[in-house]
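Computed from heavy atoms alone, side chains included, the values below leave out hydrogens, waters and symmetry copies.
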Amino acid sequence: QAFTEQSESLIRFPKALGQFWNDQLTRGAFIAITGPEKRGKCITGTQRVLLASGEYMSVNDIIANRVTDIVSFDESTQTFVKTKIAKFWKNGIKKVYCVKTRTGREVEITGNHPLLTPDGWKELGEIKKGEFIVVPKHIPFFGTKKLEEYKIKLLAYFIADGCTLAHGQGHKINYTVQYTKKDKEVQEDFTECIRMMGGETVWKNNECRINKNIHIRNFLKDTGVWNKHSYEKTIPDIIYQLDESDVRLFLQTLFTGDGWVNKKDSTDFQIGYATASKLMAKQIHGLLLKFGIVSKLAVYKTTCRDTWNITIQDYHNMKLFYERVGFLFEKQRKLEEVVASRKEIYKSFLNKLPWQIAKEFHDKALEQHKIQFTKAPVIREQIVKKCPVMFQSFAEIKDTELGKKYFNSMILWDEIVDIEYVGEQETFDLTVSTHHNFIAEDVLVHNTFWLLEFAMRAMMNGNNVAFFQAGDMTEKQQLRRMAVYLAKRS
């Protein structure tokens, strides 16, 4: 009997991993798995991570400079907080996928990288197109530096409608420093900014030539605005180091230059900004999130060069833009008229709740606000069909304590529109203390947990497990992690 009895696996893993492990994980065996809990998930080195200073830095630069202070999502309080990177890992060449969302966000990660879904943290390989993931909606992290108002405006004006390109070759290189704009108020403001820098302007029709001035030239060079084509333009690093009021002024001036507020169709309006630079479009998209403004980023293909548009067209985010950022001069007056004329409504592709989260909201609302919650039957019908539910369905209770929790949340449930394989790339990992997640390309991403995976599979099979935690998390935090894993809820 001893030689003929078949052994039984206590913890079963699927596919090739099971072939490797299952015969060893049998009754009578004593197995110890040791190592860092959160190794395994990977992200490419080019992905930009939000730092606690309000700046963005690529994973490559974070590792090279051993930067530790970043931003994480605290699931217990549903807020974004400052946290620290504990370890840096180089994970080698891996297959990488680009995850694209409906708001236009793109992040490159490996197939085993977890994202936060309505059913808890799931690896990308378990997530399908059309499912929802958590992305930041409001990440109010700013720098502390100040910059003179006229310098902030000059940067924005030159980025939006300016030209500082080189012409010629060798010793005969000349630079064109000019600015083009029809709006008379903008022309006057631009002229005053140049005067404050010690320069002079010559306007001809709507085009302004700036006489050679070493101070202006050096300022534009030092900030990275000098000698760039429209498709090469980016937001200068100094902007991310400024405080909230200075960042607001920069965005106001930038949108006044190349932005618009006009009719999308006969009944609807939109706020927008257009640029030939994809990176700058992503940067503007991210700067708006600092003020809690969600926009949509989309590319428009042309025969010459693609154009990237950032648009805001739902009432809620248009109103937030008006209150927290806005334009300057005539465009601001037009925006004020538009916001005043529009009806408050929460119908927007941005304002959808996955059916699982809508059910949670619905059940709590029915328990606390049954009398005034008349849309409950409509919501239940959508939940039964496992369809997303519009925020408008909960508008009756948006001003209650429960309603504010969902309507004013710092996160957005964003729909995945594509998962595209982009090839094999060098990958890295960041071990993040306490909350074990970070923001990459304005998407919330997580560390994986190989040790916890073993422990949870063993416990679910009824085995006795000893879990030794050496300083990474408290016992309470570890137990909460296990409960979240088992419940498949955030």
Side-chain angles (χ1 to χ4, degrees), residues 43-51 53-62 64-65 67 70-71 96 98-109 135-136 139 141 143 152 155-165 220-242 247 250-251 253-255 257-259 272-291 293-302 304-312 414 418 420 422-423 425-426 428 438-443 445:
I43 189 168
T44 61
T46 59
Q47 303 302 280
R48 299 174 307 129
V49 173
L50 178 62
L51 307 185
S53 64
E55 301 169 86
Y56 284 83
M57 184 177 288
S58 72
V59 173
N60 283 331
D61 289 340
I62 285 175
N65 296 289
V67 175
I70 62 170
V71 176
V96 173
C98 181
V99 180
K100 301 178 181 180
T101 73
R102 197 166 184 181
T103 58
R105 306 179 204 212
E106 298 180 1
V107 63
E108 294 183 353
I109 57 178
V135 299
I139 36 179
F141 291 86
I152 295 171
L155 287 175
Y157 281 139
F158 270 108
I159 290 171
D161 296 296
C163 176
T164 60
L165 293 177
L220 296 176
K221 279 186 174 181
D222 292 343
T223 52
V225 178
W226 188 258
N227 195 26
K228 286 189 175 180
H229 292 278
S230 59
Y231 54 87
E232 298 173 315
K233 289 183 177 181
T234 58
I235 304 298
D237 292 340
I238 183 61
I239 297 301
Y240 291 95
Q241 299 166 18
L242 301 179
V247 174
F250 174 80
L251 282 175
T253 313
L254 191 72
F255 271 81
D258 241 2
Y273 189 94
T275 174
S277 169
K278 180 179 180 180
L279 176 55
M280 194 171 86
K282 292 169 70 173
Q283 290 174 317
I284 296 170
H285 189 265
L287 283 175
L288 290 171
L289 292 176
K290 290 178 179 288
F291 296 91
I293 301 163
V294 180
S295 57
K296 184 177 181 180
L297 179 60
V299 61
Y300 289 85
K301 302 287 185 180
T302 64
C304 181
R305 189 175 292 277
D306 295 343
T307 299
W308 293 86
N309 281 10
I310 303 102
T311 54
I312 308 165
D414 205 356
D418 196 16
E420 178 186 357
V422 293
Q425 297 184 39
E426 186 80 33
F428 305 87
F438 56 95
I439 299 170
E441 298 296 342
D442 295 325
V443 174
V445 296

Under the side chain to side chain contact (heavy atoms under 4.5 Å, CB included) rule, what do Thr103 and Val294 come out as? Steps first, then yes or no, please.
CA-CA 8 Å; Thr103 58; Val294 180; 4.3 Å; yes

Are the side chain of Asp414 and the backbone N or O of Val135 linked by a donor-acceptor pair below 3.5 Å?
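No.
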
N/O donor-acceptor pair under 3.5 Å between Asp161 side chain and Tyr157 backbone
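No.
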
Side-chain heavy-atom pair [X], [Y] within 4.5 angstrom cut-off:
| X | Y | result |
| --- | --- | --- |
| Ile238 | Leu155 | yes |
| Leu51 | Ile62 | yes |
| Thr311 | Ser295 | no |
| Met57 | Val49 | no |
| Leu50 | Ile70 | no |
| Gln47 | Phe428 | no |
| Thr44 | Glu426 | no |
| Tyr300 | Asp306 | no |

Any chance you could lay out the side chain to side chain contact (heavy atoms under 4.5 Å, CB included) test for Lys233 and Tyr231, step after step, and finish with the verdict?
CA-CA 6 Å; Lys233 289 183 177 181; Tyr231 54 87; over 6 Å; no

Any idea which heavy atoms bring [X] and [Y] closest together, and the distance?
| X | Y | result |
| --- | --- | --- |
| Gly45 | Ser58 | O-CB, 3.5 Å |
| Pro236 | Thr223 | CB-O, 3.3 Å |
| Glu108 | Ile43 | O-CG1, 3.5 Å |
| Phe141 | Lys290 | O-NZ, 2.5 Å |
| Thr46 | Glu441 | O-OE2, 4.1 Å |

Side chain to side chain donor-acceptor pair (under 3.5 Å) involving Glu420 - partner list, sequence neighbours excluded:
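Listed in chain order: Lys100.
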
What pairs with Tyr240 under side chain to side chain donor-acceptor pair (under 3.5 Å), at least two apart in sequence or on another chain?
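Not a single residue meets the side chain to side chain donor-acceptor pair (under 3.5 Å) criterion with Tyr240.
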
Short N-O contact, Glu106 and Lys278, less than 4.0 angstrom
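Looking at Lys278 together with Glu106, the answer is yes, because their closest N to O distance falls below 4.0 Å.
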
Taking 4.0 angstrom as the limit, do Asp442 and Arg105 come out as a salt bridge?
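Result for this pair is no, no salt bridge flagged.
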
Let me confirm one number: the [atom1]-[atom2] distance from [X] to [Y], rounded to the nearest 0.5 Å.
| X | Y | atom1 | atom2 | result |
| --- | --- | --- | --- | --- |
| Leu254 | Ile152 | CG | CD1 | 12.5 Å |
| Leu289 | Ile439 | CG | CD1 | 9.0 Å |
| Asp418 | Arg102 | CG | CZ | 14.0 Å |
| Ile159 | Ser230 | CD1 | OG | 13.0 Å |
| Leu288 | Phe255 | CG | CZ | 4.5 Å |
| Trp308 | Lys282 | CH2 | NZ | 8.0 Å |

Pair Phe158-Thr164, side chain to side chain contact (heavy atoms under 4.5 Å, CB included): steps then yes or no:
CA-CA 8 Å; Phe158 270 108; Thr164 60; 4.0 Å; yes

Residues Asn309, Leu297; criterion side chain to side chain contact (heavy atoms under 4.5 Å, CB included); working and verdict:
CA-CA 6 Å; Asn309 281 10; Leu297 179 60; over 6 Å; no

